[in-house]
Amino acid sequence: MLIDWYVKQKISLPWRDLNPNLYRTWISEIMLQQSQVKTVIPYFNSWFKKFPDITSLANATIDEVLKSWEGLGYYRRAHYIHKASKLIIKKHNGKIPDTYVELIKVPGIGDYTASAILGIGHNLPFFAVDGNFIRVFSRVFKIKGSKSKLTKQIKKNLSQRAIIDFASFNQAVMDLGRTICRPIPACSLCPISIECLAHKHLQTDKYPQKSIKKNKPNYNVVVGIIYKKDNFIITQRKNEGLLGGLWELPGGKIKKGETRENALIREIREELNITIDIKKKLPEIRHEYSHFKVKIYPYICSYNGGKVALVGPVAWGWMNMNEVKTKSFPKATHKVFNLMDNVSL
DNA sequence: AATTCGGGGCA
DNA sequence: TGCCCAGAATT
């Protein structure tokens, strides 16, 4: 029933039907971590023009890898994928491991991705329990609990089933979760509604149990577009942490009781050890990250004096708007750049 | 077990 | 606007 439904409705996906190989499976699974299919498709397709195989990926610089990842988010994944490619070349002769024990050691590969590579890529008896699995089977089995508990329970319950084609089963559940067993489900279209306990008891809205979410703090940030002639200053973030390795405009949080202008002058002095003159205020930008929000106040400035000495950023440089496409920037910085089209000093 | 990691699709 | 996405690593 589920497999029949899957075969019938199965849609074409780039990692699904075009020369499937383990490199493609691996890249797709990393990109798809917390990113929707529709979002990933263009990134996946252009990825292989730059990095057609693991060797080309391992030989690339992290800046090139980040450029291909720009806009996809969770940039840690790009760092891991790059590290992993080097590890696979060195330790595994360029061949992606085919055991759970080895896969789980690869940077960026956790229980889900290891299971997906084995269960989908190798058609071995592994359940790739992702968000779709959790939603579908927390309803089918009518079970509650933490994500790790649900994962264990789902694997245990499913292990008693006679499944032949794990590759199809795993993808079938994901398709079902994505198209029918959505947060608000379309049970009338569901091929397995007859065996779904939550549906039977009219309680699909209670499963999976919603987690309590914290509200996001709001930060006020100033950034400077600091010109000297036609070029302005950009800085690079350290590889670890938020937006690791990306470039941005220098600036920082406004302190309590501080004016925006003073905050910007202070931040630029602290970060770059230079002095600036503030020339023009640009419209405020709002941006939302996974765990906080920011209001960004951009200012056109001019370089006044001082020799750059970095505290915080790991690199800096002068650039003009035409060179923006040569480096990777967070979405919020691109929003500021978009304001610049009609601005001249 | 909880937190930290982006950005966007979709109702 | 809120929810959630083919989660992993760290705390």
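Residue numbering restarts at 1 for every chain, and letters A, B, ... go by the order of the sequence lines. Given the structure is predicted, the values throughout are model-derived calculations rather than measurements.
- Nearest-nucleotide positions on DNA chain C place A:Leu32 closer to the 5' end than the other of A:Gly108 and A:Leu32.
- Salt-bridge formation is not detected for the pair A:Arg139/A:Asp205: no Lys NZ or Arg NE/NH1/NH2 atom is positioned less than 4.0 Å from an Asp or Glu carboxylate oxygen.
- Phosphate contact (OP1/OP2 of C:dA8, side-chain N/O of A:Thr113, threshold under 4.0 Å): present.
- A straight line from CD1 of A:Ile212 to C1' of B:dA2 spans 11 Å, rounded to a whole angstrom.
- Looking at A:Glu248 and A:Lys331, no side-chain N of the basic residue comes within less than 4.0 Å of a carboxylate O on the acidic one, giving no salt bridge.
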* Asked: Going through the distances and angles, do A:Arg266 and A:Glu258 end up as a salt bridge (Lys or Arg N to Asp or Glu O under 4.0 Å)?
  -> CA-CA 10 Å; A:Arg266 174 184 56 75; A:Glu258 193 179 32; 2.6 Å; yes
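- Rounded to whole Å, atom C1' of C:dA6 lies 4 Å from atom CG of A:Asp130.
- A:Asp111 comes within contact range of the sugar-phosphate backbone alone, with a heavy-atom separation under 4.0 Å but no base atom that close.
- Residue A:Ile109 is in sugar-phosphate contact alone, with no base atom involved, counting any heavy-atom pair closer than 4.0 Å across all strands shown.
- Straight-line distance from the NZ atom of A:Lys149 to the P atom of B:dA2: 11 Å, rounded to whole Å.
- Within 4.0 Å (heavy atoms only), A:Val173 reaches no atom of the nucleic acid at all.
- Side-chain contact, A:Gln153 with A:Asn157: a donor N or O sits under 3.5 Å from an acceptor N or O.
- Listed by residue number, the members of residues 132-143 of chain A with any heavy atom below 4.0 angstrom from DNA chain B form an empty set.
- A:Gly177 approaches A:Asn132 most closely through the heavy-atom pair C-OD1, 3.3 Å.
- Comparing the P positions of C:dT11 and B:dG6 gives an interatomic distance of 16 Å, to the nearest angstrom.
- Taking a cutoff of 4.0 Å between a charged side-chain nitrogen and a carboxylate oxygen, A:Asp111 and A:Lys155 qualify as a salt bridge.
- Whole-Å rounding puts the A:Lys147 NZ to C:dA6 P distance at 12 Å.
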* Which letter, B, S or -, goes with each nucleotide of nucleotides 4-11 of chain B from 5' to 3', with contact meaning a protein heavy atom under 4.0 Å? -> BBBBBBS-
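- Taking the six-membered ring where tryptophan is involved, the planes of A:Tyr289 and A:His287 are perpendicular, since the angle between them exceeds 60° and thus also 30°.
- Ion pairing between A:Lys105 and A:Glu102 holds under the 4.0 Å rule for side-chain N and carboxylate O.
- If you find the closest nucleotide of DNA chain C to A:Pro107 and to A:Lys210, the one lying nearer the 5' end belongs to A:Lys210.
- Comparing the same atom, P, in C:dA6 and in B:dT4 gives a spacing of 24 Å after rounding to whole Å.
- Between the side chains of A:Arg16 and A:Gln171, a donor-acceptor pair is found at a separation under 3.5 Å.
- The CD1 atom of A:Ile104 sits 11 Å away from the C1' atom of C:dA9 (whole-angstrom rounding).
- A:Leu103 places its CG atom 21 Å from the P atom of C:dA6, with the value rounded to the nearest Å.
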